[in-house]
Amino acid sequence: MSAGGDGDAKAKIFNQREPLRQPRTSPPFADGAVSTTGDVTAAECKRQSNSQQNANTNSMSSPKERHEVDPVVKSSKLSANAPEFVPSGFNLYEEPTYDDSEEYYSEPTLAEMVTDFLGHLSSSPGSFESDVEYITGILNNGVTTEELLQELVELIYTQSTAIPNFSYTGARLCNYLSQHLTVSPPTGNFRQLLLKRCRTEYEQRDKFHSYVLFLGELYLHLEIKSGKGQPNRAEVLLGALKDLMNSLFSNPVDANLICAVKLLKLTGSVLDDTWKESNQPHMEELIQRIETILLDAQCSRDVRQMLLKLVELRSSDWGRVRTASASSNATPDNDPNYFMNEPTFYTEDGTPFTAADPEYAEKYQEILDRQDYFHDIDGENGNEM
């Protein structure tokens, strides 16, 4: 076979396959690139030299061409030397605040201040005498307008009617403030605004059990001093208490009867003495209504026992023990109850106490909670109920 035939055969073989990738240092294959003897031709060497020279020329291009700047970046106005960006409303140089520095705390509102005072007196009623002057001094500095005085009255009234055990302390606080608060706007002083608030509640007598008990405490402790003579109680409260008890007995359900019994145990002796001095038979009328309820009303057995105990208490002069000598020798100096004539109660072990006792609320609640006071321990069959 001739040499030309060999070359044609090789060309047919290469044409049947996919061309192979040539190494970068080797020149590309082309038709007639290989001679019959397998040597590289002079023309191919020249093309290889030209290709290498072009590659070197491209690799040696200037830095300006290799670092061409994007047109968007080239037209931007941003600068690395621009000042620091700060959002509007943000003070970069604001002085830091510290929680332990009082100068950064805002002044407490009247509501916050009074709530703290009342909470302290509610949890520590025995500290009333030592703290009330300090509390009044702060209130005199803070309560200077009619609006603030009205807010103060509302705060004390709400606390005294919402928390049953605070009614006694609340009434004492009202009496003290009525005598020592200096603010007195044209619409009325503390005592006058307090009585107006009580009247507002009195005219809305749908839900007033807490209100009734607070009104009883207020009648015992709120003094009205005149220029001469002894301090007096608020007569308007005396009439209100009578009307409220008549309203309670007019609807003799258990809740109303329990409220009436509590009120009479609290104020019965004072009301009885006051009405006797003015020859008014109001207490006799109330006792007769209780006896009628015992005969006719369909009250529960426990409430019936409470009413019977109340009638017995009144027949024993409200549990008071009086002697002629002690009564005749009583003076404002030796008898703390000379003006107030507070009722006397007895604990389970026979210890006497009055509403002036610092632990009055707790002791009085114990009396109310005692089973032999409200409940008939022995039922009809002798079994505990």
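Start at 1 with the first residue, then count along the sequence.
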Straight-line distance of [X] [atom1] to [Y] [atom2], nearest 0.5 Å:
X    : Y    : atom1 : atom2 : answer
M245 : L263 : CE    : CG    : 5.0 Å
I163 : S122 : CD1   : OG    : 4.5 Å
I293 : Q288 : CD1   : CD    : 12.5 Å
L307 : R304 : CG    : CZ    : 8.0 Å
L238 : L271 : CG    : CG    : 6.0 Å
R233 : H221 : CZ    : NE2   : 9.0 Å

Side-chain ([X]) to main-chain ([Y]) donor-acceptor, under 3.5 angstrom:
X    : Y    : value
T267 : L264 : no
S315 : E312 : yes
S160 : Y157 : no
S123 : H120 : yes
N246 : K242 : yes
S127 : S130 : no
S210 : T161 : yes
Q150 : E147 : no

[Y] and [X], any side-chain heavy atoms less than 4.5 Å apart:
X    : Y    : result
E151 : L155 : yes
C174 : L218 : yes
L286 : H282 : no
L118 : T169 : no
R314 : I290 : no
L248 : L257 : no
I156 : F190 : yes
V183 : L139 : no

Under a single-linkage definition using a 4.5 Å side-chain heavy-atom cutoff for Ile, Leu, Val, Met, Phe, Trp and Tyr, are [X] and [Y] assigned to the same hydrophobic cluster?
X    : Y    : value
V236 : L241 : yes
L244 : V253 : no
I224 : V153 : no

Of all the heavy-atom pairs spanning [X] and [Y], show the shortest one and how long it is.
X    : Y    : answer
K262 : L213 : CB-CD2, 3.8 Å
G142 : L148 : O-CD1, 3.3 Å
T144 : N140 : CG2-O, 4.2 Å
F214 : S167 : CD1-O, 4.0 Å
G268 : M283 : O-CE, 3.7 Å
G119 : Q159 : N-NE2, 4.4 Å

Do the charged groups of [X] and [Y] touch, with an N to O distance under 4.0 Å?
X    : Y    : answer
R320 : D273 : yes
E284 : K276 : no
E285 : R289 : no
E129 : R172 : yes

Derivation and outcome, side-chain contact (heavy atoms from CB on, under 4.5 Å), residues H209 and N256: CA-CA 8 Å; H209 292 163; N256 287 344; 2.8 Å; yes

Verdict with reasoning, V270 to W318, per side-chain contact (heavy atoms from CB on, under 4.5 Å): CA-CA 10 Å; V270 178; W318 304 100; over 6 Å; no

Verdict with supporting geometry, Y176 and I135, side-chain contact (heavy atoms from CB on, under 4.5 Å): CA-CA 11 Å; Y176 192 92; I135 294 174; over 6 Å; no

Candidate pair T187 and L149, rule side-chain contact (heavy atoms from CB on, under 4.5 Å), full reasoning: CA-CA 10 Å; T187 55; L149 182 60; over 6 Å; no

